[in-house]
> 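Here it is, the structure in full.
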Amino acid sequence: MAVYASANTPVGIAAIRDLGSEDLDAILDFWYTSGDDFLDFLGIDRSRLGTAEDTRQRFSRAIWKGDPNQQNIAFAITLDDDFAGYTLLNRYTPETNYSHWHITNPLVRAAGLSTALYPHRMKTYFDLVPIERLIHQTRTRNVAVNRMLDKYVPIAETRYVEDPDGVALPGEFHLRYVRRKDIPRFFR
């Protein structure tokens, strides 16, 4: 299992590594035991989320196979080698690609893992597959995620999105764009 990057954080060493089938139960627990209030805050469309088996199959297909043409690729986020979350890249065209990430361990959600790993996460995507632009589509009410992204990428537009990427319901989203040429700036 390849480790693509790591970063020191106040709570330990955060890393991005290949997702494995052994990680799928933690992802399913996140989606199916977090409770309705949490899923409502995220704006999750339960019909798009589907059953636990649907989700298991989606993430099984997203395990990196080393194919630069793979449409969906998921990576594990770890803290001191323990699974703490995941990131998912959904690819459509060189210019239309969406990134999703969730810290699934509620004990470390506000510990800075996303901030510390953000430049590495972007570099991993752009290094492994031939994309030219990545789109962040974040709910306007998700203050924590938007605050983290503000450190790296400005909001390009805010608008109602009828058919958001992933398993989200329609709603008001901030859109941010990352291009291949932006990656070196994230490390300065």
Side-chain angles (χ1 to χ4, degrees), residues 1-20 23 27 30 42 58-59 62-79 81 83-105 108-140 142-158 161 164-168 173-188:
M1 210 172 275
V3 175
Y4 298 96
S6 63
N8 289 320
T9 74
V11 295
I13 298 173
I16 298 170
R17 67 158 166 80
D18 284 326
L19 186 76
D23 301 316
I27 293 172
F30 169 74
L42 293 179
R58 271 196 310 276
F59 279 92
I63 292 172
W64 176 239
K65 295 160 189 67
D67 177 2
N69 296 314
Q70 187 173 332
Q71 185 177 4
N72 309 100
I73 306 164
F75 300 97
I77 296 169
T78 62
L79 180 61
D81 295 324
F83 185 87
Y86 71 89
T87 181
L88 174 69
L89 175 64
N90 291 332
R91 299 178 52 222
Y92 303 101
T93 72
E95 294 286 325
T96 306
N97 307 282
Y98 295 89
S99 169
H100 302 273
W101 71 99
H102 295 282
I103 302 301
T104 59
N105 179 345
V108 296
R109 274 203 191 118
L113 305 183
S114 292
T115 301
L117 290 175
Y118 181 83
H120 303 285
R121 187 163 57 90
M122 292 301 102
K123 185 175 185 321
T124 299
Y125 295 154
F126 282 90
D127 282 353
L128 293 179
V129 295
I131 61 174
E132 292 304 317
R133 183 182 74 163
L134 181 128
I135 303 166
H136 291 301
Q137 191 177 64
T138 58
R139 290 216 182 264
T140 56
N142 195 332
V143 175
V145 166
N146 284 301
R147 187 177 306 132
M148 185 279 294
L149 285 172
D150 287 342
K151 296 174 184 179
Y152 296 103
V153 186
I155 296 168
E157 61 182 302
T158 301
V161 177
D165 190 63
V167 296
F173 289 85
H174 290 312
L175 301 176
R176 302 165 195 256
Y177 306 106
V178 178
R179 295 202 163 272
R180 182 175 294 280
K181 67 180 182 177
D182 297 328
I183 303 305
R185 169 175 65 78
F186 298 152
F187 290 93
R188 289 196 274 263

> Under the criterion side chain to side chain contact (heavy atoms under 4.5 Å, CB included), I'd like the reasoning laid out for Asp150 against Arg176: C-alpha separation, chi angles, the key distance, then a yes or no.
CA-CA 10 Å; Asp150 287 342; Arg176 302 165 195 256; 2.9 Å; yes
> Can you check whether Phe59's main-chain N or O pairs, donor with acceptor, with Asn72's side chain at less than 3.5 Å?
no
> Quick check: are there more than 12 heavy atoms from other residues, nucleotides or ligands sitting under 6.0 Å from NZ of Lys65?
yes
> Whether the side chain of Asp18 engages the backbone of Met1 through a donor-acceptor N/O pair (distance < 3.5 Å, no angle test) should be reported.
no
> Under 3.5 Å, is there a donor-acceptor pair between the side chain of Gln70 and the main chain of Ile63?
yes
> Is any side-chain N of the basic residue among Arg17 and Asp23 closer than 4.0 Å to the acidic one's carboxylate O?
yes
> Of all the heavy-atom pairs spanning Ala111 and Pro10, show the shortest one and how long it is.
O-CD, 4.3 Å
> Roughly how far, to the nearest 0.5 Å, is CG of Leu19 from OG1 of Thr78?
11.5 Å
> Would you call the rings of Tyr86 and His102 parallel, tilted or perpendicular, where under 30° means parallel and over 60° means perpendicular?
tilted
> Got a donor-acceptor contact below 3.5 angstrom from the Asn97 side chain to the Pro94 backbone?
yes
> Drop me the distance from Leu79's CG to Ile103's CD1, to the nearest 0.5 angstrom.
9.0 Å
> Hey, mind stepping through Ile13 and Asp81 against side chain to side chain contact (heavy atoms under 4.5 Å, CB included) and telling me if it holds?
CA-CA 8 Å; Ile13 298 173; Asp81 295 324; over 6 Å; no
> Ignoring hydrogens and geometry, is there a side-chain-to-backbone donor-acceptor pair from Gln137 to Leu175 under 3.5 Å?
no
> Quick one: closest heavy-atom pair of Ala15 and Leu117, and the distance?
O-CD1, 3.8 Å
> Taking all non-hydrogen atoms of both residues into account, name the closest pair between Thr104 and Arg109 and its distance.
O-NH2, 3.4 Å
> So, for Ala168 and Phe173, which heavy atoms are closest and what is the spacing to 0.1 Å?
CB-CZ, 4.2 Å
> Taking all non-hydrogen atoms of both residues, which atom of His100 and which atom of Asp165 are closest, and how far apart?
NE2-OD2, 2.5 Å
> If every non-hydrogen atom of Ala116 is compared with every non-hydrogen atom of Pro119, which pair is closest and at what distance?
O-CD, 3.9 Å
> List, one per line, each side-chain donor-acceptor pair under 3.5 Å for residues 124-131, sequence neighbours excluded.
{"from": "Thr124", "atom 1": "OG1", "to": "His120", "atom 2": "O", "distance (Å)": "2.8"}
{"from": "Tyr125", "atom 1": "OH", "to": "Thr87", "atom 2": "OG1", "distance (Å)": "2.2"}
{"from": "Tyr125", "atom 1": "OH", "to": "Ser99", "atom 2": "OG", "distance (Å)": "3.1"}
{"from": "Tyr125", "atom 1": "OH", "to": "Arg121", "atom 2": "NH1", "distance (Å)": "3.4"}
{"from": "Asp127", "atom 1": "OD2", "to": "Lys123", "atom 2": "NZ", "distance (Å)": "2.5"}

> How far apart are the C-alpha atoms of Tyr118 and His136, what are their side-chain angles, what is the distance that settles it, and do they pass the ring-ring contact (aromatic ring centres under 6.0 Å, His included) test?
CA-CA 12 Å; Tyr118 181 83; His136 291 301; 5.6 Å; yes
> Kindly determine whether Val153 and Asp182 satisfy side chain to side chain contact (heavy atoms under 4.5 Å, CB included), including the steps that lead there.
CA-CA 9 Å; Val153 186; Asp182 297 328; over 6 Å; no
> What do the steps show when you test Glu157 against Tyr177 for side chain to side chain contact (heavy atoms under 4.5 Å, CB included), and what is the final call?
CA-CA 10 Å; Glu157 61 182 302; Tyr177 306 106; 2.7 Å; yes
> Flag the pair Val178 / Ile183 as yes when at least one side-chain heavy-atom distance between them is below 4.5 Å, and no otherwise.
yes
> From Phe75 CZ over to Leu89 CG, what is the distance, rounded to the nearest 0.5 angstrom?
7.5 Å
> Answer yes if the side chains of His174 and Thr158 hold a donor-acceptor pair under 3.5 Å, and no otherwise.
yes
> I need the Trp64 CH2 to Tyr4 OH distance, nearest 0.5 Å.
7.0 Å
> With the side chain counted from C-beta on, respond yes when Thr115 and Tyr152 share a heavy-atom pair under 4.5 Å apart, and no when they do not.
yes
> Using salt bridge (charged side-chain N to carboxylate O under 4.0 Å, His left out) as the criterion, list what pairs up with Glu95, not counting sequence neighbours.
Arg133, Arg179
